[in-house]
Amino acid sequence: MEEEWDEDGPEVVKRFMYVNRKAPYGTVYALEMLEKVLIAAAFEQDVHVVFMDDGVYQLKKEQETKGINMKNFSPTFRALEGYDVEKLYVEKESLEARGLTVDDLVVPVEVLSSQDLKALMDKQEVILTA
Amino acid sequence: MEEEWDEDGPEVVKRFMYVNRKAPYGTVYALEMLEKVLIAAAFEQDVHVVFMDDGVYQLKKEQETKGINMKNFSPTFRALEGYDVEKLYVEKESLEARGLTVDDLVVPVEVLSSQDLKALMDKQEVILTA
Amino acid sequence: MKFGILVNEGPFQHQASDSAYLFTKAALEKGHEIYRVFFYYDGVNNANKLSEPQADDRDLVKLWSALAEEHKVDLVVCVAAALRRGIKDDILAPGFRISGLGQLIESGIVADRQITFGD
Amino acid sequence: MKFGILVNEGPFQHQASDSAYLFTKAALEKGHEIYRVFFYYDGVNNANKLSEPQADDRDLVKLWSALAEEHKVDLVVCVAAALRRGIKDDILAPGFRISGLGQLIESGIVADRQITFGD
Amino acid sequence: MLLHTVNKSPFERNTLESCLRVCEDGAGILLIEDGVYGALDNTVVADLIKKRMGNIKFYVLGPDVDARGLGNQTMIDGIETVDFGGFVDLVEKHSATQSWL
Amino acid sequence: MLLHTVNKSPFERNTLESCLRVCEDGAGILLIEDGVYGALDNTVVADLIKKRMGNIKFYVLGPDVDARGLGNQTMIDGIETVDFGGFVDLVEKHSATQSWL
């Protein structure tokens with residue numbers, strides 16, 4: 001994939017990281033962050049999306065939002081692959097604290113310990129949070 | 001004071017409680033809550049103002065806001081007495097967790113334990129929070 | 001029973017206005033009276049008629065306006081909070097009116113129950 | 001050095017816009033370039049020219065506009081976030097322009113440092 | 001007795017803890033919005049509520065539970081699920097409502 | 001190395017804790033806005049920072065400290081106070097900035 005960017009992408013490819021720490025629906029941050037991720041992908045940047053703390057709940061399966069009159073945006077996570085956004089990471093400690101496993105999530109993710117996440121974050125050039 | 005209301009006040013006097021749990025300046029809640037307290041006083045209601053959690057920091061002495069370009073509203077707490085708002089309560093546990101004492105505060109307050117605060121809250125008819 | 005409602009946040013950023021709307025609707029359906037819905041802090045942004053959500057998203061400004069029209073619910077925007085945030089008569093959605101903070105206190109006095117939705 | 005700034009919150013409710021403004025000013029005073037200030041989420045409310053704070057309070061909308069005029073700082077309001085929240089050309093303060101989210105990503109690519117102010 | 005509403009996740013904020021600290025036995029606590037995460041069993045914060053179960057009556061807003069995909073998760077035993085109509089009933093039957101924000 | 005900014009009170013939120021959990025030794029943490037309460041000594045949350053002092057460089061934004069009336073309070077030993085100019089310098093000298101919100 002990195003080779004593909006070298007051939008067709010823009011001159012500059014930066015490592016972008018999106019850190020999702022907020023639960024869905026209680027605030028809009030999760031939804032509008034997802035819109036940012038999709039745009040970054042269109043710019044063919046090296047996109048990394050991290051879910052930690054309550055952000056892991058964004059990926060929870062079986063969201064049914066009709067009763068609160070809001071749009072269920074969790075299916076969009078499944079569409080990310082089509083935009084070449086494939087680097088999705090979930091912090092192990094956040095998942096465990098909530099009694100969740102990867103089977104509870106709508107998309108396949110890489111589970112990282114805080115230790116491994118540290119190293120990955122430190123390499124990023126642009127980090128967007130909300 | 002209660003007799004005075006019976007003579008001159010409106011027909012209905014309710015027990016209003018304002019619960020301040022947010023620090024000042026990081027969010028506007030403290031400032032606009034204070035505006036609500038002043039209005040309630042004008043309506044001659046039985047006003048109780050509680051400071052707990054980070055809300056106790058609203059009363060911290062020596063606020064100097066020039067460097068963040070915002071208005072220092074802490075002197076307004078000293079003006080509350082002039083509006084007959086005299087029932088100011090601070091939760092003991094919140095004060096202690098922050099290493100503060102009543103000497104650190106801009107106005108005299110009654111310090112209540114969580115236990116005593118429970119009983120006071122339970123008697124309120126309108127509770128406004130932010 | 002008479003309910004008074006306070007909304008502290010604008011649409012979208014927090015769920016407060018959604019919850020307040022659904023609560024208000026449920027109370028009306030149960031035959032209760034809504035004495036007043038008061039919009040304070042960023043809650044005043046619920047009255048911005050220029051708001052134009054995506055077609056498949058809920059439109060809180062319109063939903064509140066419709067509630068005012070159908071059930072004669074009194075929607076009051078705090079004048080002081082609104083001035084700061086640029087919510088003025090030019091852009092005020094139908095069914096809302098701008099008035100003083102005293103309207104909130106009066107709501108607390110008159111209503112049997114006063115409840116806050118915020119962040 | 002080139003800085004890119006992202007503002008996620010409107011004026012008043014949170015300190016984010018204040019901090020972003022003071023950071024931007026300090027960076028300019030040190031001779032840095034501000035490549036762009038991008039307003040997202042409720043941050044779009046910083047561009048509402050109807051905003052009228054009390055006389056003794058700071059006026060963030062005017063402060064941002066003045067920064068754009070004096071230092072040619074590019075103030076970009078996200079079109080999608082702004083539509084939802086009713087920030088349109090009719091009420092857009094001087095110095096702001098409405099554009100796409102791509103302007104934020106471009107800022108991240110071009111600027112040497114990108115920093116976020118929010119809640 | 002009061003009805004307390006809590007709309008913040010107990011993983012992120014101290015809101016539920018503060019509410020419990022000053023909540024009288026016999027009062028009701030309704031978890032709404034992101035507060036519903038506090039109703040889940042098998043998490044590191046579940047004990048907050050379990051310790052007061054029996055003294056306080058706990059409720060959770062069903063539409064917020066479903067929206068967050070928690071409909072099939074195990075809730076702490078004894079928490080009652082209500083809809084918006086039930087929320088209205090709770091406000092009616094308690095003397096006043098305190099919203100913990 | 002990264003610069004992390006934290007703008008939330010550690011009494012109210014888990015933000016500082018989460019930041020510390022994934023903060024590399026050698027990185028910098030700048031406390032701003034309500035985050036400055038984390039810099040105070042003699043509080044129940046002071047240990048959060050004390051435990052990492054020496055491995056991480058801690059800074060606090062002076063104007064936010066003064067605004068909150070903390071100018072004369074005892075800060076945790078080793079925290080450096082900066083102004084907005086110093087904030088700009090910190091962003092410049094670190095490879096990237098992560099804002100914990």
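What you see is a predicted model; the values in this text were computed from it and never measured. Here is how names work: the chains are called A, B, and so on, in the same order as the sequence lines, proteins then strands, and each is numbered from 1.
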Enquirer: Select one option (side chain, backbone, both, neither) describing which atoms of C:Arg84 are under 4.5 Å from chain B's heavy atoms.
Expert: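 When you check distances to chain B, only side chain atoms of C:Arg84 fall under 4.5 Å.
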Enquirer: Please classify the contact of C:Asp42 with chain B as side chain, backbone, both or neither, using a heavy-atom distance under 4.5 Å.
Expert: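 Contact with chain B involves no heavy atom of C:Asp42 at all.
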Enquirer: Taking the side chain as everything from C-beta on, heavy atoms only, tell me whether B:Leu88 gets closer than 4.5 Å to B:Val50.
Expert: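 Sidechains of B:Val50 and B:Leu88: no contact.
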Enquirer: Does anything in residues 112-125 of chain B get under 4.5 Å of chain C by heavy atoms, and if so which residues?
Expert: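 Counting heavy atoms that sit under 4.5 Å from chain C, no residue of residues 112-125 of chain B is involved.
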Enquirer: Between C:Phe12 and C:Ser51, does the side-chain contact (heavy atoms from CB on, under 4.5 Å) criterion hold? Intermediate values first, please.
Expert: CA-CA 11 Å; C:Phe12 303 109; C:Ser51 168; 4.1 Å; yes
Enquirer: Could you measure the distance from the CD atom of B:Gln58 to the CD atom of B:Gln63? Nearest 0.5 Å is fine.
Expert: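 Going from CD on B:Gln58 over to CD on B:Gln63, the span is 8.5 Å.
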Enquirer: Non-hydrogen contacts under 4.5 angstrom with chain C: give the residues of residues 97-105 of chain B involved, or none if there are none.
Expert: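 Residues of residues 97-105 of chain B touching chain C at under 4.5 Å: none.
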Enquirer: Restricting to ring-ring contact (aromatic ring centres under 6.0 Å, His included), what partner residues turn up for C:Tyr40, sequence neighbours left out?
Expert: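 Per chain and number, C:Tyr40 pairs via ring-ring contact (aromatic ring centres under 6.0 Å, His included) with no residue.
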Enquirer: Report which part of B:Lys14 has an atom under 4.5 Å of a heavy atom belonging to chain C: side chain, backbone, both, or neither.
Expert: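 The answer is the side chain of B:Lys14.
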Enquirer: Quick one, C:Tyr41 with B:Met33, criterion side-chain contact (heavy atoms from CB on, under 4.5 Å). Give me CA distance, side-chain angles, the key distance, then yes/no.
Expert: CA-CA 9 Å; C:Tyr41 303 100; B:Met33 178 76 104; 3.8 Å; yes
Enquirer: Below 4.0 angstrom, N of the basic side chain to O of the carboxylate: do B:Lys92 and B:Glu96 qualify?
Expert: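 Yes, charged N to carboxylate O under 4.0 Å.
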Enquirer: Output the distance between atom CD1 (C:Ile5) and atom CD1 (C:Ile34), rounded to the nearest 0.5 Å.
Expert: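 Going from CD1 on C:Ile5 over to CD1 on C:Ile34, the span is 4.5 Å.
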Enquirer: Can you tell me how far apart CG (C:Asn45) and CG (C:Leu60) are? Round to the nearest 0.5 Å.
Expert: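 Spacing of CG (C:Asn45) from CG (C:Leu60) equals 12.0 Å.
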Enquirer: Hey, is NZ on B:Lys36 packed in by over 12 heavy atoms from elsewhere, all under 6.0 Å?
Expert: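 Enclosed: over 12 neighbouring heavy atoms sit under 6.0 Å from NZ of B:Lys36.
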Enquirer: Please state whether the side chain, the backbone, both or neither of B:Ile127 comes within less than 4.5 Å of a heavy atom of chain C.
Expert: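 For B:Ile127, backbone heavy atoms alone lie under 4.5 Å from chain C.
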Enquirer: Tell me, do B:Leu80 and B:Leu38 make a side-chain contact under 4.5 Å, heavy atoms counted?
Expert: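 With C-beta onward as the side chain, the pair touches.
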Enquirer: With chain C as the partner chain, list the residues of residues 16-27 of chain B whose heavy atoms fall under 4.5 Å from it, by residue number, and write 'none' if nothing qualifies.
Expert: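 When heavy atoms of chain C are the reference, residues 16-27 of chain B contributes B:Phe16, B:Tyr18, B:Lys22 within the under-4.5 Å range.
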Enquirer: Do B:Tyr89 and B:Phe51 make the cut of ring centroids closer than 6.0 angstrom?
Expert: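 So the answer is no for these two rings.
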Enquirer: Given that the side chain runs from C-beta out, which part of C:Leu6 has a heavy atom under 4.5 Å from chain B: side chain, backbone, both or neither?
Expert: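 Only the side chain of C:Leu6 comes within 4.5 Å of chain B.
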Enquirer: Using non-hydrogen atoms only, which part of C:Ala81 is less than 4.5 Å away from chain B: side chain, backbone, both, or neither?
Expert: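 Both parts, backbone and side chain.
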Enquirer: Charged N to carboxylate O under 4.0 angstrom, C:Glu106 versus C:Arg36?
Expert: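 Salt bridge present between C:Glu106 and C:Arg36.
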Enquirer: Below 4.0 angstrom, N of the basic side chain to O of the carboxylate: do C:Glu9 and C:Arg85 qualify?
Expert: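 No, no charged N to carboxylate O under 4.0 Å.
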Enquirer: Relative to the ring of C:Phe3, is the ring of C:Phe23 parallel (under 30°), tilted (30 to 60°) or perpendicular (over 60°)?
Expert: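 Answer is perpendicular, since the angle exceeds 60°.
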Enquirer: Under 4.5 Å, counting heavy-atom pairs only, tell me which of C:Gly4, C:Gly102, C:Gly118 racks up the most with chain B.
Expert: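 The candidate making the most pairs under 4.5 Å is C:Gly102.
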Enquirer: Taking the six-membered ring where the residue is Trp, are the ring centres of C:Tyr21 and C:Trp64 under 6.0 Å apart?
Expert: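 Between C:Trp64 and C:Tyr21, which both carry aromatic rings, the centre distance is below 6.0 Å.
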Enquirer: Between chain B and each of C:Asn8, C:Ile115, C:Ile105, count heavy-atom pairs under 4.5 Å; write down the option with the most.
Expert: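 Of the candidates given, the most pairs with chain B belong to C:Ile105.
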Enquirer: To the nearest 0.5 Å, what is the distance between OH on C:Tyr35 and OG on C:Ser107?
Expert: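 It is 7.0 Å, given to the nearest 0.5 Å.
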Enquirer: Supply the atom-to-atom distance C:Lys62 NZ to C:Lys49 NZ, rounded to the nearest 0.5 angstrom.
Expert: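 Output value for this atom pair is 11.5 Å.
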